[in-house]
Amino acid sequence: MKKILVTGGCGYIGSHTIVDLVQNGFEVISVDDNSRSSIGILDGVEEIIGKRVKNYTVDLCNFDDTQAIFEENHDITGIIHFAAFKAVGESVEKPLMYFDNNLNSLINILRCAEEFHVPHFVFSSSCTVYGNPDSIPVTEETPFKPAESPYGSTKQMGEGIVKQTINSYPEMKAILLRYFNPVGAHPSGLIGEIPLGKPANLVPAITQTAIGKLPKMLVWGNDYDTRDGSCVRDYIHVCDIAHAHTLALNYLIEGRNEGNCDVFNLGTGNGNTVLEAIKVFEEVSGRKLNYGLAGRRPGDVVAIYANNEKAKSKLGWDPKYTLADMMRTAWAWEEKLANDK
Ligand code: WQD
């Protein structure tokens, strides 16, 4: 079995990707310092896949500790690098913490990949690299606009670091995956997103308000030039995102890559407004959401959604979950969290 190292394996997308990788025949090890995640998520992963995934509780900013993982595992075929801080608002308050963490961890994992001759590297990027695009949907060739936050800057810089590193290491091939808005939870209800503190992202804010953990949520801005005045996003189920990583690794392992660092948008290709997303949630949950309208959130992109034809044609990726599925699984997960309390 080919062994894959997943960094940030106890995180939201990382844990769902581990499930998909194992169910598609890969052996997986995880590295996650659990500073922003819970090791307990691997219990749910174990229930789904029937085996325990080993996690190395290591801070990737510590090179020696990171290197030790590779000294213990000489048979790593590929790396999927998720580990990073990802809160847009926090990155505005603490930019240097984001640059330090997100870039030094990436540099260390790339140094180890080169030293230990790991041939395949998948980098977790984001639609945030496009900034506020002039036209939508965005393709992989849409030029970057200035990032709206230090978080977005770390993804733009991260892509550049991977591309230029790979150019110097001919034995390594990479893929950059640009996620749009990952939402929802595994249909088993055994794993999902565990936001730390008050959720900044829309769907956890919706479900926590509906379950009563939050008294009310606010819609940030209803005066944008969109269908109903609220922002447009391309919400994509986390399991569709996870499966794209399995397909991306197979694309590299089978040598189908066209360049040494191919880029793919991971979105449904549909844009929904915030108010439309809330309406779908109310329909699938049967709950009336307590929300109010507020001013615009600084740094918000007005509208963005993906042209996903390249991932469909080259990776064979075919996202299958609808927005209703996303809301239904997110709500089921929130109800499970409440029952487990
Ligand atoms: C979506 C829309 C908000 C909360 C960011 C990153 C992206 C990814 C996901 C990591 C916006 C509105 C939200 C609320 C609201 N990060 N909203 N009330 O900002 O599009 O993307 O998070 O993977 O890389 O850029 O996601 O869910 O925060 O916001 O009205 O309580 O929901 O204003 O229009 P965003 P989001």
Side-chain angles (χ1 to χ4, degrees), residues 8 11-14 16-17 36-37 81-92 98 102 123-133 136 138 144-145 147-156 158-159 176-184 193 195-210 213-238 241-242 265-267 271-281 289-306 323 326-327 330:
Y12 174 43
I13 305 175
H16 286 79
T17 299
R36 301 277 175 113
S37 62
H81 182 53
F82 291 107
F85 294 161
K86 63 152 196 156
V88 172
E90 182 187 46
S91 77
V92 174
Y98 269 67
N102 290 6
F123 177 64
S124 167
S125 189
S126 166
C127 62
T128 199
V129 300
Y130 295 110
N132 241 319
I136 48 177
V138 292
F144 288 2
K145 301 299 283 295
E148 295 291 330
S149 69
Y151 162 76
S153 294
T154 67
K155 290 302 181 184
Q156 289 182 341
E159 288 201 3
L176 310 176
L177 295 179
R178 294 175 182 163
Y179 316 147
F180 280 69
N181 285 59
V183 297
E193 186 171 13
L196 298 174
K198 191 170 182 305
N201 294 139
L202 178 67
V203 173
I206 289 175
T207 58
Q208 289 194 19
T209 301
K213 279 175 77 173
L214 295 174
K216 180 178 184 179
M217 71 156 286
L218 296 176
V219 172
W220 303 118
N222 72 324
D223 61 348
Y224 288 102
D225 182 16
T226 63
R227 285 193 290 275
D228 59 22
S230 62
C231 291
V232 174
R233 293 290 183 275
D234 185 333
Y235 297 99
I236 173 81
H237 197 283
V238 64
I241 292 272
N265 282 340
L266 297 185
N272 285 107
T273 70
V274 172
L275 292 171
E276 288 167 352
I278 288 173
K279 187 170 184 307
V280 169
F281 172 80
L289 190 69
N290 182 21
Y291 70 92
L293 301 177
R296 297 181 176 191
R297 182 173 71 172
D300 262 344
V301 165
V302 182
I304 189 167
Y305 63 95
L323 186 58
M326 297 175 211
M327 293 301 181

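Source: prediction; values computed, not measured. Counting starts at 1 for both ligands and their atoms, in listed order. Just so it is clear, the values below take in all heavy atoms, side chains as well, and ignore hydrogens, waters and symmetry mates.
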Over 12 foreign heavy atoms within 6.0 Å of NZ, Lys279: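 It does not: Lys279 NZ has 12 such atoms or fewer within range.
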
**Request:** Tell me, yes or no, whether the heavy-atom count around Asp223 atom CG, taken from other residues, nucleotides or ligands under 6.0 Å, exceeds 12.
**Result:**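 Count over threshold, so yes.
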
* Give a yes or no on whether the backbone of Ser230 and the side-chain of Asp228 come within a donor-acceptor separation of less than 3.5 Å. =>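 Side chain of Asp228 to backbone of Ser230, a donor-acceptor pair under 3.5 Å: yes, one is there.
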
Handout entry: ligand 1: protein residues within heavy-atom distance under 4.0 Å
Key =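 Under the 4.0 Å cut-off, ligand 1 touches Lys86, Val88, Ser126, Thr128, Tyr151, Asn181, Ala200, Asn201, Leu202, Ala205, Met217, Leu218, Val219, Trp220, Cys231, Arg233, Tyr235, Val274, Arg297, Asp300.
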
> Stepwise, does the side chain to side chain contact (heavy atoms under 4.5 Å, CB included) test hold for His16 with Ile241?
Replying inline: CA-CA 9 Å; His16 286 79; Ile241 292 272; over 6 Å; no

Looking only at side-chain N and O atoms, does Asn265 offer a donor or acceptor that is under 3.5 Å from a partner on Tyr130?
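Per modelled atom types, Tyr130 and Asn265 side chains form a pair under 3.5 Å.
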
(message) Would you say Glu90 and Tyr98 are linked by a side-chain donor-acceptor pair, where the criterion is simply a distance under 3.5 Å?
(response)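 Distance-only check passes for Tyr98 and Glu90.
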
